[in-house]
Amino acid sequence: MANQKQHCRGLGLVGLIAMAFASTLPAAQPAPRSNGLALTPPVGWSSWNNFGDDINEQLVIESIDAMIANGMRDAGYVFVNLDDGWQRHKGARKDHPLEYDPKKFPRGISYLADYAHQRGMKLGIYSGPGQTTCAGYTGSEGHEAEDARMFASWGVDHLKYDSCCSHREAPKEELQKIFRTMSNALMSQQRGIVLHACHCGWGDIWEWAGALGVNHWRIGQDISDDFNYPGNREQYYFDVLDQLDRGVGLEKYSGPGHWNDYDMLIVGLDGKSKQLVGTGASNIEYRTHFSLWAMVSSPMLVGADVRKLDKYSLETLTNKEVIALNQDPAGNVAHKVRDDGDLEVFARELADGSHAVLLLNRGAATATMTFSPRADLQVPMDRYSIRDLWQHRDLGTYDIPFTAEVQSHEARVFRIRQLSTSANGRSVSDAAEQGSVQ
Ligand code: GLA
């Protein structure tokens, strides 16, 4: 499988020139076009990160059953997305029809959609605007309306439409045309289908995809199973911190119905994926990755084998208090509010007026980090309560900046809530406890 990525890597000279030219154009941000879907980021499972194109009906059924049994569905993981490899034929669409592989999926895709729906879940599928997809299967070029009808008739709820291999050097106008065509085709169906435009973060896709009715778009190339791999792994893959850094400055493009997508989750892969490059990350690093994706409102599609998650990974993935940040109805996106080298602070306001705060230590040693609502959030919060979302514990009431120990590569996540201030608007210091959290 690794070889199939070869043709997808790098932009080539034409692409680089096109990108350099494009970046000199004024940024346009037309209003998003809504299909009424994905008002919070999609959360679920996708087959690619662990299995590549080695997928079949039994795997999908076992994964659905596992997600019900291990509590993932009830924690919010409702999407079950087939990535590349469900198709029957490899090769150009002009030479082959788009059909499911009857050996892999003997009862067809609608059987799986029904299976998911009967259990309160949703089914996703994958195609692309080219003659072939990234892994070389038949694409949708020239058959968009027909394919959209077919997906809707099967009961599909989500389409990942992947142009990063077939159109990697295409000009923006052409990219917009291919996504507009599929978006229109999906919107003509009776059934609502979430549209993911996968273009590896090229062509400034965040600037225009929302206006076409796209629900989420990748902001970078494929994630690798690494927290912090020095350099751009194999000139193509981005680790967790690369993806995070890539999103800084793009927050304004993301919101209910149209999200920046930081790529699928690597929690639980442990360097053993059949598909992804990477040596894996530590438990703390995977947890940090998960917390960050929740804070920045990325779709959260688990890529691991959900039938075999260990206790720690499952505990990470089913932290409902962290998932609630990702699924908060206000749909705000965390901004980096402080950057002190290896120590960074991200924060966002939630629908109920409270704030989520994440303290990230990218450094090699444990650090003491301080957070001040007044200075960091620019909110005149005199007195506030803090809850630790990983310890599931209320930490008390504060009227001064709080400090916390943050281990190397750890992210501590807190929800802070303003409490009443005194009548003269000054802080109520006698109600405060120590300013240091454990
Ligand atoms: C591209 C995408 C991946 C995956 C593969 C499938 O590389 O970025 O997420 O969908 O194609 O071939």
Side-chain angles (χ1 to χ4, degrees), residues 1-11 15 42 44-55 79-93 98 101 104 124-141 156 158-170 175 178-179 182 194-203 205-206 209 214-226 232-240 242-243 246 259-266 269 273-278 293 298-304:
M1 281 306 305
N3 287 342
Q4 284 162 356
K5 304 297 321 163
Q6 292 294 348
H7 68 290
C8 205
R9 282 183 205 140
L11 280 171
W45 172 82
S46 163
S47 54
W48 187 256
N49 279 3
N50 190 64
F51 300 98
D53 67 352
D54 187 14
I55 53 177
F79 282 93
V80 178
N81 290 357
L82 305 177
D83 207 285
D84 217 351
W86 62 270
Q87 312 89 326
R88 180 175 196 165
H89 305 285
K90 280 207 165 183
R93 181 66 184 266
L98 180 61
D101 183 333
K104 291 177 171 176
I125 207 157
Y126 170 100
S127 192
Q131 284 291 313
T132 58
T133 64
C134 281
Y137 292 89
T138 307
S140 288
E141 185 174 352
V156 160
H158 182 283
L159 172 67
K160 176 173 176 179
Y161 201 51
D162 188 351
S163 58
C164 72
C165 296
S166 58
H167 291 76
R168 67 178 188 220
E169 290 169 3
L175 291 174
I178 58 176
F179 288 119
M182 185 47 91
V194 175
L195 176 58
H196 168 197
C198 181
H199 192 63
C200 280
W202 302 332
I205 187 164
W206 41 82
V214 174
N215 297 110
H216 54 114
W217 49 80
R218 284 261 297 277
I219 60 162
Q221 290 148 213
D222 293 17
I223 197 166
S224 66
D225 187 12
D226 300 293
N232 188 200
R233 196 184 253 277
E234 299 184 22
Q235 278 77 58
Y236 180 77
Y237 296 93
F238 288 170
D239 60 44
V240 167
D242 290 336
Q243 301 278 10
R246 183 115 181 129
W259 306 101
N260 288 328
D261 183 335
Y262 289 59
D263 204 1
M264 297 167 287
L265 293 170
I266 55 169
L269 291 179
S273 158
K274 285 189 200 167
Q275 175 59 39
L276 283 200
V277 299
W293 266 227
S298 174
M300 297 208 296
L301 297 169
V302 174

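We count ligands from 1, going down the list as the structure has it; atoms in each ligand are counted the same way.
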Worksheet item: Does a side-chain heavy-atom distance below 4.5 Å link S163 with F179?
Response: yes
Worksheet, complete the sentence: With heavy atoms and a 4.0 Å threshold, my read on which part of C165 contacts ligand 1 is neither
Item to complete: Could you tell me whether a side-chain N or O of T132 sits under 3.5 Å from a main-chain N or O of G91, the two making a donor and an acceptor?
Response: no
Discussion item. Using the rule salt bridge (charged side-chain N to carboxylate O under 4.0 Å, His left out), only one of D162, D263, D261 pairs with R218; which is it?
Written reply: D263
Discussion item. Are the side chains of C200 and R168 in contact, using a 4.5 Å heavy-atom criterion?
Written reply: no
Worksheet item: At a non-hydrogen distance cut-off of under 4.0 Å, which region of D53 contacts ligand 1 (side chain, backbone, both, or neither)?
Response: neither
Practice prompt. Report yes if K160 has an N/O atom closer than 3.5 Å to an N/O atom of ligand 1; otherwise report no.
Written response: yes
Worksheet item: Any idea which atoms of ligand 1 are less than 4.0 Å away from a heavy-atom of M264?
Response: 9 (O)
Item to complete: Decide whether an N or O pair under 3.5 Å exists between D222 and ligand 1.
Response: yes
Discussion item. Please list, in number order, the atoms of ligand 1 under 4.0 Å from a heavy atom of A135.
Written reply: 12 (O)
Item to complete: With the side chain counted from C-beta on, respond yes when I223 and F238 share a heavy-atom pair under 4.5 Å apart, and no when they do not.
Response: no
Worksheet item: In ligand 1, which numbered atoms sit nearer than 4.0 Å to a non-hydrogen atom of D83?
Response: 4 (C), 6 (C), 10 (O)
Worksheet entry | SB check R233 D239 (cutoff 4.0 Å) | no
Discussion item. If we set the cut-off at 4.0 Å for heavy atoms, which region of Q221 has an atom near ligand 1: side chain, backbone, both, or neither?
Written reply: neither
